[in-house]
Amino acid sequence: MKQIRRKDAWLFAAQMLLLSLIMLSPALISYISSGSGKLAVDSLWIAVYWLAPTMGVYLLNFYLLIPHLWFRHGYWLFGVANAGLIIVGNLHLFSNNISSLPDYARAGFSSFIIISVLLCMMAIGIALSIRYLMRQQERKQKEVEAELAWLKNQINPHFLFNTLNNISSLAQIDGDETQEAIMQLSDLLRYAMYETNKPRVRLDGEVDFMRNYIELMKLRCNEMTTVSAQFHVEEPQSEVAPLLFISLIENAFKHGINSNEPATINIRLEQQGQTLLFDCDNTNNPKPTKDRSGSGIGLDNTRRRLDLLYPGRYTWEQALTPENIYHVSICVKL
């Protein structure tokens, strides 16, 4: 809400600045060309006399009539209100007694009245156009935010599901280690519930979350699996979208480990200035098709979030090497 109010304030200030420049430009031109202050003042009053009605019609339409009448389908009332505005705004022109003027002057003055009315109508059209563009942009922004929320909400219950499975298996082996794992899960849930509601989080907090998540996921690994995780952060206060890489880490464990064969998982995150490099390599041991745990989460989810959050500011590489290693590399400009 504060961001919207700040944006409206900046828009109002920009519009008032532009309208003031338009109003003052004849006086400035007159003063520059003639050097006469009196001529500049006269030019200013003439500009106010002719342009003030148009600017008033524009502002009233932009901030009052279009949002409260046009967008609420009060088209007839909108038209009547604008007709009244144009008449009242140009009353100083309509009230002039032009019958006493010569024919050529009367025709010229009538033309000025028509031009003033047309300018008011043009101002209404401009206000409508800008409002429609703003409305369309706001709708797109809301759609993007809704999609991002949906994508992120897919992640939260999913890592919880996997972690609970791991802890459930551990509970049958080591009670003390299970208690420690539950505490780690508590930290993960606290972060996921309270920190990731913001569009950006501190990089060091995100790294701590990934470290804890990897430790919990290692519970499902036996001695045949080697897990390596390296994190190098130059500026811990840098901000990044929350849970951006967690689906890729989850995929590495889901498709990388095999209780009967040697497997490796290597995860690396490095910050270089405002560039974030993430690499994930895992032995390719895909689950059987019938195993649907976690289906729908992973590469597509992460890539879509990158498209929405960092458009044109990231690169993506993925490949299956001849050594049967699945490789994903992401470079993000923060």
Side-chain angles (χ1 to χ4, degrees), residues 1 3-34 36-142:
M1 185 63 70
Q3 289 181 345
I4 293 174
R5 289 176 180 172
R6 192 180 299 116
K7 182 180 178 181
D8 290 342
W10 277 108
L11 177 62
F12 179 77
Q15 288 179 323
M16 293 306 298
L17 178 61
L18 178 61
L19 294 177
S20 299
L21 288 174
I22 294 173
M23 190 78 75
L24 291 171
S25 57
L28 291 173
I29 293 172
S30 296
Y31 183 78
I32 292 172
S33 60
S34 66
S36 170
K38 182 179 183 303
L39 186 59
V41 172
D42 290 342
S43 299
L44 176 62
W45 280 115
I46 292 172
V48 171
Y49 187 81
W50 289 105
L51 296 179
T54 301
M55 294 182 178
V57 167
Y58 170 83
L59 291 172
L60 285 170
N61 270 273
F62 190 88
Y63 288 103
L64 183 64
L65 299 184
I66 295 174
H68 297 287
L69 293 180
W70 183 269
F71 284 159
R72 296 181 181 180
H73 308 292
Y75 303 124
W76 284 102
L77 190 55
F78 177 82
V80 171
N82 270 301
L85 275 179
I86 292 174
I87 292 171
V88 171
N90 291 282
L91 200 59
H92 62 296
L93 299 178
F94 296 136
S95 61
N96 280 286
N97 183 13
I98 63 174
S99 59
S100 59
L101 297 175
D103 291 341
Y104 68 89
R106 195 160 51 240
F109 197 84
S110 298
S111 299
F112 279 128
I113 294 176
I114 294 172
I115 291 172
S116 181
V117 171
L118 290 175
L119 285 174
C120 289
M121 294 175 68
M122 186 183 300
I124 296 170
I126 292 172
L128 271 170
S129 299
I130 296 174
R131 272 294 182 186
Y132 268 111
L133 288 173
M134 289 176 59
R135 199 182 195 195
Q136 185 178 17
Q137 187 63 32
E138 288 171 0
R139 283 179 175 174
K140 287 182 179 179
Q141 182 65 28
K142 287 179 180 179

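Everything quoted here is computed from the prediction, not taken from an experiment. Count residues from 1 along the sequence.
Rounded to the nearest 0.5 Å, atoms OG1 (Thr54) and CG (Asn90) are 7.0 Å apart. Interatomic distance, Ile124 CD1 to Leu65 CG, rounded to the nearest 0.5 Å: 8.0 Å. Of the inter-residue distances, the one linking Phe12 atom CZ with Leu59 atom CG reads 7.0 Å to the nearest 0.5 angstrom.
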Donor-acceptor pairs under 3.5 angstrom involving side-chain atoms of residues 66-86: please list them, not counting sequence neighbours.
from  : atom 1 : to     : atom 2 : distance (Å)
Trp70 : NE1    : Tyr132 : OH     : 2.7
His73 : ND1    : Tyr75  : OH     : 3.0
Asn82 : OD1    : Asn61  : ND2    : 2.6
Asn82 : ND2    : Asn61  : OD1    : 3.0
Asn82 : ND2    : Phe78  : O      : 3.2

Throw together a table of side-chain donor-acceptor distances under 3.5 angstrom for residues 16-24, partners on residues two or more places apart or in other chains.
from  : atom 1 : to    : atom 2 : distance (Å)
Ser20 : OG     : Met16 : O      : 2.7

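Minimum interatomic distance between Gly89 and Pro53 (heavy atoms only, all atoms of both residues): O-CG, 3.1 Å. Here the shortest heavy-atom pairing between Cys120 and Val57 reads O-CG1, 3.7 Å. Taking each heavy atom of Ser30 and Ser34 in turn, the nearest pair found is O-OG, 2.6 Å.
Residue Met122 qualifies as open at atom CE: its count of foreign heavy atoms under 6.0 Å is 12 or below.
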